[in-house]
Amino acid sequence: MNIQEMILTLQKHWSNQGCLLLQAYDVEKGAGTMSPYTFLRSIGPEPWKVAYVEPSRRPADGRYGENPNRLYQHHQFQVIMKPSPDNIQEIYLDSLRALGIDPLEHDIRFVEDNWENPSLGCAGLGWEVWLDGMEITQFTYFQQVGGLECKPVSVEITYGIERLASYIQDKENVFDLEWTDGVTYRDIFGQTEYEHSKYSFETSDTNMLFQLFNVFEREAQRQLDAGLVHPAYDYVLKCSHIFNLLDAKGAISVTERTGFISRVRNLARSVAKTYYRERESLGFPMLLNGKEKEHANE
Amino acid sequence: MQTNDFLLEIGLEEVPARFIHDAQKQLVSKIEQLFQDKDLSFGPVHSFSTPRRFAVLVENVAAKQLDIEEEVKGPSKKVALDEEGNWTKAAIGFTKGQGKTTEDIYFKEVKGIEYVFVKKHKKGEETVRILQNLDEVITSLTFAKNMKWGNFDLRYIRPIRWLVALYGNKVIDLEITNIKSGRTTYGHRFLGGKILLKDPREYEDQLLSQHVIVDQQKRKEAIVTQLQQLEEQHDWVIPIDEDLLEEVTNLVEYPTVLHGSFDEEFLQLPNPVLITTMKEHQRYFPVQNTEGKLLPYFVTVRNGDHRHLDTVRRGNEKVLRARLKDAVFFYQEDQKLSISNCLEKLKHVVYHDDIGTYSEKLSRVRKLSEYISSEMKQSEETKQNILRTAEICKFDLVTQMVGEFPELQGIMGEVYAQIHGENKDVAKAIREHYLPKHADDELPESEIGIVVSIADKIDTIVSLFAVGLIPTGSQDPYGLRRQAAGVVRILAEHNWQLSFEGLLNESIALTGPFQKQSKEEIFSDLQEFFRLRFKHLLDEKGIRYDITDAVLSSPVMTVRSLIERAELLQEMKDEPTFKTDMEALSRVIHIAEKCEVEVSIQPELFENETEHNLYEQYVKLMDHLNRTDSKGYYRLLIGLKDSINDFFDRTMVMVENEQIRNNRLSLLKQLSNVILSFAHFQHISVK
């Protein structure tokens with residue numbers, strides 16, 4: 001099964017579960033969790049079901065396209081269901097079956113893995129799912145997002161597309177994966193990986209990046225002050241990406257690191273709080289009925 | 001009496017392996033407690049657990065409580081009868097409240113006063129009714145990490161997905177979150193199906209038929225047996241790490257052992273790297289030949305049966321191959337860095353925001369090591385090795401291998417130090433300075449390792465205390481208690497003559513640049529903190545609590561001397577003269593507390609020979625003290641008994657004349673100081 005078929009299969013599966021199929025969010029980010037479709041929507045009482053593919057940039061993991069497993073940018077298939085359904089593990093396992101992975105022919109385990117994203121003030125409990133010893137999915141019940149307690153709790157399922165594909169296609173090197181028949185991962189992303197690695201480690205303008213961080217941080221704050229959550233959050237994401245670029249370049253000392261992370265976290269927390277307030281003032285429009293609204297006001 | 005079996009099963013999404021044992025123990029003891037509290041007799045108790053369920057089966061639980069005759073006490077006779085001998089309102093009210101009439105009243109004396117009593121027949125309650133509160137037992141289990149799910153408020157280890165609660169063939173109705181209890185359980189996630197349980201006894205067999213070995217011990221034995229079969233088949237040795245075996249047992253419901261291989265070229269990696277990759281990251285058992293050499297094989301335990309094992313093997317081999325390739329890459333890259341490159345990098349690695357960099361820490365550890373080495377009068381060669389070890393002992397923290405496998409710190413240090421031509425003793429000491437890593441861990445063996453281990457741990461504790469990060473209650477994020485226990489163990493077991501107070505003061509002096517409190521405050525916080533570690537040490541040695549208290553109120557001096565003093569007192573406490581010895585010494589201590597102005601003693605102010613005598617004894621004692629061990633010290637102190645008693649018989653201390661009084665009190669004060677340096681004898685109880 002090529003990657004394109006895999007994605008289509010997962011989309012069909014989760015669409016059948018009532019998930020919205022949205023597209024990747026157009027601001028650089030390190031993980032699908034950072035998309036507003038996850039970060040913001042898992043805040044507050046409103047129900048939400050969504051699935052999307054998120055290209056995720058991790059500058060420090062770039063290897064010039066030479067390492068068979070590490071990438072500047074990889075792809076996550078991200079699912080959020082809120083509140084978490086009772087049979088979510090079964091639904092997930094069905095998605096593996098749809099991909100042709102019959103649990104009876106493999107060893108599938110749920111191994112404890114508690115997830116935390118300090119720069120977004122997020123924490124959750126759950127597992128990494130092992131397929132014959134390989135981690136293919138992060139399975140997390142969100143407990144806190146943007147520093148706010150989750151009620152109800154969202155479940156997040158994140159498939160590592162390249163990992164899963166390298167298993168399904170039995171390839172040792174990620175660049176040999178077939179995106180569609182006859183077109184390889186190398187064809188599409190080989191040059192990108194090389195250039196972005198070179199940029200991140202060698203040619204990026206450190207001074208400019210530091211300036212951008214400050215500029216974006218100020219703009220995020222200004223928009224927060226104006227009560228505009230989404231523009232503010234876009235700039236928080238930009239700050240986070242700029243920080244990752246600086247970090248990859250080795251431009252941030254360990255002491256400064258904590259400082260930068262807490263600057264992003266403080267913004268993310270304000271965004272979360274503001275988002276909650278805004279939704280509340282709109283009467284949590286996605287709540288299905290009055291009873292749930294009552295519940296939320298408790 | 002009629003009895004029935006009882007079964008409770010809590011079905012869960014996969015519970016983390018490390019929490020299963022404790023949770024299961026809690027559940028069993030709470031169920032037993034419930035039956036005991038409710039006076040319900042019961043037979044054998046069976047405990048079951050897998051990653052997806054906790055269960056308890058109790059045989060022969062009584063169907064109801066026994067009926068009992070109960071005496072209920074009411075008001076006193078005086079209150080119950082008025083002057084005419086009629087029942088008062090109080091008496092009538094009491095009987096009514098008990099469902100009785102005044103006809104049922106009788107009197108009985110309690111502590112000399114007569115009271116009204118009635119006899120009540122209390123009918124035993126039915127077990128099925130008592131068990132209706134079982135949900136409280138289930139939700140009262142506590143876990144180190146809890147979570148919420150869906151729309152519910154309950155915090156639990158993982159979401160509850162089903163409940164089985166049976167008494168005999170009857171379902172006990174429970175509801176937790178949206179889960180209602182029943183008789184339906186579930187077999188293996190993939191190999192098993194739904195099971196309807198007719199009664200509790202068939203639980204284990206029914207689950208086995210659906211591919212769940214529900215008895216944790218049997219599952220473990222099944223794994224061990226299969227490991228042994230592999231050993232025999234291939235002439236291998238598969239060392240069993242108990243923690244790993246326990247974890248793997250708690251990761252599967254139906255274990256099938258299988259093995260895979262990896263390319264021989266990976267054997268160039270140091271053994272600890274191979275073992276850590278297999279064990280910590282993949283939960284594999286490494287394989288050795290009969291000479292103990294690692295072989296290019298691994299053993300894993302699958303949660304399932306024997307079908308399609310080849311697919312599972314291939315998948316696991318692929319994962320391990322990728323991980324080992326990474327490790328080889330790190331190993332080769334790391335060797336390109338010299339030790340001095342690494343030390344240079346440590347200048348930029350922050351140890352703690354308030355304390356400074358690793359580089360600065362190493363320089364403190366070096367100075368403290370130098371102090372210890374001088375105190376211990378070690379040879380010049382040893383001292384040089386110690387200084388080198390202290391300078392470089394953290395260099396491996398910036399290597400990629402330790403970045404990837406933090407648990408290899410020190411171990412990679414030894415490997416890389418040897419590659420870079422450090423001498424063997426220094427290389428070994430780099431590994432040893434982290435020891436002991438936990439309570440049962442081995443201690444450093446070499447003198448070099450011991451010195452640097454003590455210096456590093458003391459520096460860590462003192463530095464964090466200096467910036468006010470003192471462990472409180474269950475909060476000890478930097479593991480300082482563990483480190484302190486390590487230092488105490490090393491000093492106790494190696495019997496080193498190293499002044500403990502001296503060591504602390506030396507270390508405190510080195511933290512000057514970042515202290516947030518005065519040196520005296522830091523010292524007293526540290527004393528308090530270590531006091532508990534020493535108390536634990538003496539408790540383990542079986543020292544009576546009051547003796548522990550007495551010696552711990554005095555300076556530690558050396559850990560060896562502390563233990564000697566405690567053990568000596570523990571031994572002497574049964575001597576016939578012990579009581580009078582203690583009384584004499586305590587008398588000095590008590591009177592000396594009245595000394596307000598300490599003056600230098602003037603023998604010409606003494607008025608009788610008992611004063612002169614006591615003073616001479618004191619001078620003699622001070623003269624001998626430096627040349628003796630704890631036993632000699634003790635003998636000298638109790639040797640003062642007669643002089644002390646004579647002194648108090650003949651001398652009035654608190655006289656009017658201030659000069660004479662202060663002279664006497666000062667003599668007693670100085671003597672008291674010498675006594676208190678050994679132990680606070682006044683805390684020892686003598687009968």
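Order of the sequence lines fixes the chain letters, A, B, ..., with proteins taken first and strands second; residue numbering starts at 1 for each chain. On a predicted model such as this, the values are computed, not experimentally measured, just so you know.
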Counting heavy-atom pairs under 4.5 Å with chain B, the top scorer among A:Leu125, A:Asn69, A:Asp113 is A:Leu125
Just wondering, do A:Trp127 and B:Arg158 contact through their side chains at under 4.5 Å, heavy atoms?
yes
Taking side chain as everything from C-beta outward and backbone as N, CA, C, O, which of these in A:Asp86 sits under 4.5 Å from a heavy atom of chain B? Side chain, backbone, both or neither.
both
Can you tell me how far apart CD1 (B:Ile157) and CD (A:Glu112) are? Round to the nearest 0.5 Å.
7.0 Å
Quick one: closest heavy-atom pair of A:Tyr167 and B:Thr311, and the distance?
OH-O, 3.9 Å
Does A:Lys171, at its NZ atom, have more than 12 non-hydrogen atoms belonging to other residues, nucleotides or ligands within less than 6.0 Å?
yes
If you count every heavy atom of other residues, nucleotides or ligands that lies below 6.0 Å from A:Phe201 atom CZ, does the total exceed 12?
yes
Mind checking the CH2-CG spacing from A:Trp130 to B:Asn303? Nearest 0.5 Å is all I need.
12.5 Å
Please round to the nearest 0.5 Å and tell me the distance separating atom NZ of A:Lys82 and atom CG of B:Asn151.
10.0 Å
Distance only, no hydrogens: is a donor on one side chain within 3.5 Å (strictly under) of an acceptor on the other, for A:Gln89 and B:Arg189?
yes
Answer yes or no: are there more than 12 heavy-atom neighbours, outside B:Arg307 itself, under 6.0 Å from its atom CZ?
no
Quick one: what part of B:His281 sits under 4.5 Å from any heavy atom of chain A, side chain, backbone, both or neither?
backbone
Answer with side chain, backbone, both or neither: which region of A:Glu135 has an atom nearer than 4.5 Å to a non-hydrogen atom of chain B?
neither
What part of A:Asn114 is in contact with chain B, defined as an atom under 4.5 angstrom from a non-hydrogen atom: side chain, backbone, both or neither?
side chain
Just how far is it from atom CG of A:Asn67 to atom CZ of B:Phe329, taken to the nearest 0.5 Å?
7.0 Å
Which bit of B:Arg161 is near chain A, if near means a heavy-atom gap under 4.5 Å: side chain, backbone, both or neither?
side chain
Okay, B:Arg323 and chain A: the region with an atom under 4.5 Å from a heavy atom over there is neither
Using only non-hydrogen atoms and a strict under-4.5 angstrom cutoff, which residues of residues 10-20 of chain B touch chain A?
B:Glu13, B:Glu14, B:Pro16, B:Arg18, B:Phe19
Atom group of A:Leu131 that falls short of 4.5 Å from chain B, counting heavy atoms:
neither
When every non-hydrogen atom of B:Lys148 is compared with those of A:Tyr141, the smallest separation belongs to O-CB, 4.3 Å
If one checks every heavy atom of B:Arg52 against chain A at 4.5 Å, the contacting part turns out to be neither
Shortest non-hydrogen contact from A:Glu105 toward B:Arg302:
C-NH2, 3.8 Å
Under 4.5 Å from a heavy atom of chain A, the part of B:Arg314 involved:
neither
Taking side chain as everything from C-beta outward and backbone as N, CA, C, O, which of these in A:Ser166 sits under 4.5 Å from a heavy atom of chain B? Side chain, backbone, both or neither.
both
Please report the interatomic distance CG(B:Asn316) to CE(A:Met134), rounded to the nearest 0.5 Å.
10.0 Å
Using non-hydrogen atoms only, which part of B:Asn178 is less than 4.5 Å away from chain A: side chain, backbone, both, or neither?
side chain
Side chain / backbone / both / neither for A:Gln143 at chain B, heavy atoms under 4.5 Å:
side chain
If you tally heavy-atom pairs under 4.5 Å against chain B, which of A:Leu93, A:Asp102, A:Asn87, A:Asp170 wins?
A:Leu93
Under 4.0 Å between a Lys/Arg side-chain N and an Asp/Glu carboxylate O for A:Arg70 and B:Asp326?
yes
Interchain contact, A:Arg163 with chain B, by part (heavy-atom threshold 4.5 Å):
neither
Taking the side chain as every heavy atom from C-beta outward, state whether B:His308 and A:Leu104 have any atom pair closer than 4.5 Å.
no
If you tally heavy-atom pairs under 4.5 Å against chain B, which of A:Pro83, A:Pro68, A:Pro85, A:Pro152 wins?
A:Pro152
Honestly, the part of B:Thr300 sitting under 4.5 Å from a heavy atom of chain A is side chain
Which value, rounded to the nearest 0.5 Å, describes the distance between B:Leu258 atom CG and A:Asp132 atom CG?
9.0 Å
